[in-house]
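Read through the structure below, which is laid out as structure tokens, and then see the notes.
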Amino acid sequence: MNLYGRSLIKVDDLKANEFFYLVKLATTLKHAKQNGVEVPELVGKKIALIFEKPSTRTRSAFEVAALDQGAHPVYIGPGESHLGVEESPADTGKVLSRMYDGIEFRGFTQESVEGLDQAADVPVWNGLTDMWHPTQMLADVLTMTEHTSKEFGRVVLTYVGDGRNNTARSLLVTGALLGFEIRIVSPKELTLEDTSVLLAKQLAENSGARLVMTENIEWGLHGTDFLYTDVWLSMGEPEEAWKERIDLLREYQVNEAMMRATHNPEVKFMHCLPSLHDQHSATGARLSKLMGTDGVEVTNEVFSSQASIVFDQAENRLHTIKALMLASLRGH
Ligand code: CP
Ligand code: NVA
């Protein structure tokens, strides 16, 4: 496996064996850190972290992974560079690659991260755009492998909610690439555009993945191993859209009844986070009232239950992002 010098801009930049290789490397790195025997292999490397949008997990995962490995991360937050305002992604990519060894980018358009990557001489990693969230997928697959005893090709993951956001698109294409069964359950107003569906279908022809896209909650849930949801309004979408979104998605809330409707007592609940699952955040409090339930896309009851593996997912952002940086910068 040689991922040296490679960027990760969208999920299908990786082949299935490369994806699984990164997940395996992340497992090794996770154990090394837990046992206090991690070997820093990125000493002296400088990593630029560009964020046009907020982040808790992605930023922390890149920073801590870099620090664990002896590299030096530099955070460039929203409004702190000229990117997109006074300077093109291409010019920024050229400049940063004369100073840094790798560039992480979180922002709005996929064109920005592609422009950076095309101009940069160093690896560029997409830390989320409106289209894709590939580093999240590495963490999710690691977490799934930790919580199933099934052969991976037999696993079923059902995503319920906004079926055309970055997470839904990324999950569909990840399932299609790796060959597990992926179901996207959403109202027809919130389904993916044809190009992503076509891409997933082409990948599924090779991998044998089963793809299901449906409005039918009962059908989508039956027998699933992992029930996944995400926020109903993604970063960058207008606040005014909340009311319409709640009207569309109210019956797609993950609650105890939905967990039971999987008919799988072992089903696990997943969420990339952040989540509006209770009233202890400003938005969570405001919208829980509007919903009339404790939680928006998921109830606090499910979020806090034994079935919930969301904090394993969050921790695994660190180990998988570390694996990605090592593979890109050291050729692991
Ligand atoms: N899941 C995720 O990307 O979280 P952050 O927005 O906190 O980085
Ligand atoms: N769909 C969400 C994912 C957050 C990690 C968003 O883009 O805001």
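Numbers for residues simply follow the sequence, beginning at 1. No experiment lies behind these values; they were computed from the predicted model shown. Remember, it's 1-based here, ligands and their atoms both numbered in the order they're listed.
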Sort and list the pairs that fulfil side chain to side chain donor-acceptor pair (under 3.5 Å) and have at least one residue in residues 211-224, not counting sequence neighbours.
Thr158-Thr224
When you measure from the side chain of Ser304 to the backbone of Asn300, do you find a donor-acceptor pair of N or O atoms at a distance under 3.5 Å?
yes
Rounded to the nearest 0.5 Å, what separates atom CH2 in Trp242 from atom CG in Leu249?
9.0 Å
Shortest protein contact, atom 8 (O) of ligand 2 (heavy atom only):
Met235 N, 2.8 Å
Would you mind listing which atoms of ligand 2 come within a distance below 4.0 Å of any non-hydrogen atom of Leu273?
5 (C)
With a cut-off of under 6.0 Å to the ring centre and 45° to the axis, is Arg59 in cation-pi contact with Tyr75?
yes
Does ligand 1 have any N/O atom under 3.5 Å from a protein N/O, and what are those pairs and their distances?
from, atom 1, to, atom 2, distance (Å)
ligand 1, 1 (N), Gln136, OE1, 2.9
ligand 1, 1 (N), Cys272, O, 2.9
ligand 1, 1 (N), Leu273, O, 2.9
ligand 1, 1 (N), Arg317, NH1, 3.3
ligand 1, 3 (O), Thr58, OG1, 3.0
ligand 1, 3 (O), Arg106, NH2, 2.9
ligand 1, 3 (O), His133, NE2, 2.9
ligand 1, 3 (O), Arg317, NH1, 3.1
ligand 1, 4 (O), Arg57, NE, 2.9
ligand 1, 4 (O), Leu273, O, 3.4
ligand 1, 6 (O), Arg106, NH1, 2.8
ligand 1, 7 (O), Thr56, N, 2.6
ligand 1, 7 (O), Arg57, N, 2.8
ligand 1, 7 (O), Arg57, NE, 3.1
ligand 1, 7 (O), Arg57, NH2, 3.0
ligand 1, 8 (O), Ser55, OG, 2.6
ligand 1, 8 (O), Arg57, N, 3.4
ligand 1, 8 (O), Thr58, N, 2.8
ligand 1, 8 (O), Thr58, OG1, 2.7
ligand 1, 8 (O), Arg106, NH1, 3.4
ligand 1, 8 (O), Arg106, NH2, 3.1

Numbered atoms of ligand 2 (with element) below 4.0 Å of Leu128, judged on heavy atoms:
3 (C), 4 (C), 5 (C), 7 (O)
Atom 3 (C) of ligand 2: closest protein heavy atom, distance to 0.1 Å, is Asp230 OD2, 3.5 Å
Nearest non-hydrogen protein atom to atom 7 (O) of ligand 2, with distance, is Asn166 ND2, 2.8 Å
If you measure from the Lys or Arg side-chain nitrogens to the Asp or Glu carboxylate oxygens, is any gap between Glu301 and Arg260 under 4.0 Å?
no
With the side chain counted from C-beta on, respond yes when Val124 and Ile9 share a heavy-atom pair under 4.5 Å apart, and no when they do not.
yes
So does Phe108 get a backbone contact from the side chain of Glu52, meaning a donor-acceptor N/O pair under 3.5 Å?
yes
Looking only at distance, does Leu233 have an N or O less than 3.5 Å from an N or O of ligand 2?
no
Tell me which part of Asp130 gets within contact of ligand 2: side chain, backbone, both or neither, using heavy atoms under 4.0 Å.
neither
Would you call Lys10 and Asp117 a salt bridge, using N to O less than 4.0 angstrom?
no
Using a strict 4.0 Å cut-off to heavy atoms of Ser234, name the atoms of ligand 2 that fall inside it.
1 (N), 2 (C), 6 (C), 7 (O), 8 (O)
Which value, rounded to the nearest 0.5 Å, describes the distance between Gln110 atom CD and Leu128 atom CG?
10.0 Å
Taking distance alone, with no angle check, do His133 and ligand 2 share an N/O pair under 3.5 Å?
no
Could you tell me whether Glu315 and Lys33 make a salt bridge, using a distance below 4.0 angstrom between a side-chain N and a carboxylate O?
no
Does the residue Asp162 have a heavy-atom contact with ligand 2, meaning some pair of atoms that are separated by less than 4.0 Å?
no
Ligand-residue contact atoms, ligand 2 with Asn165, heavy atoms, under 4.0 Å
1 (N)
For Tyr159 and Tyr228, take the angle between the two ring planes, folded into 0 to 90°, and tell me which bin it lands in: parallel under 30, tilted 30 to 60, perpendicular over 60.
tilted
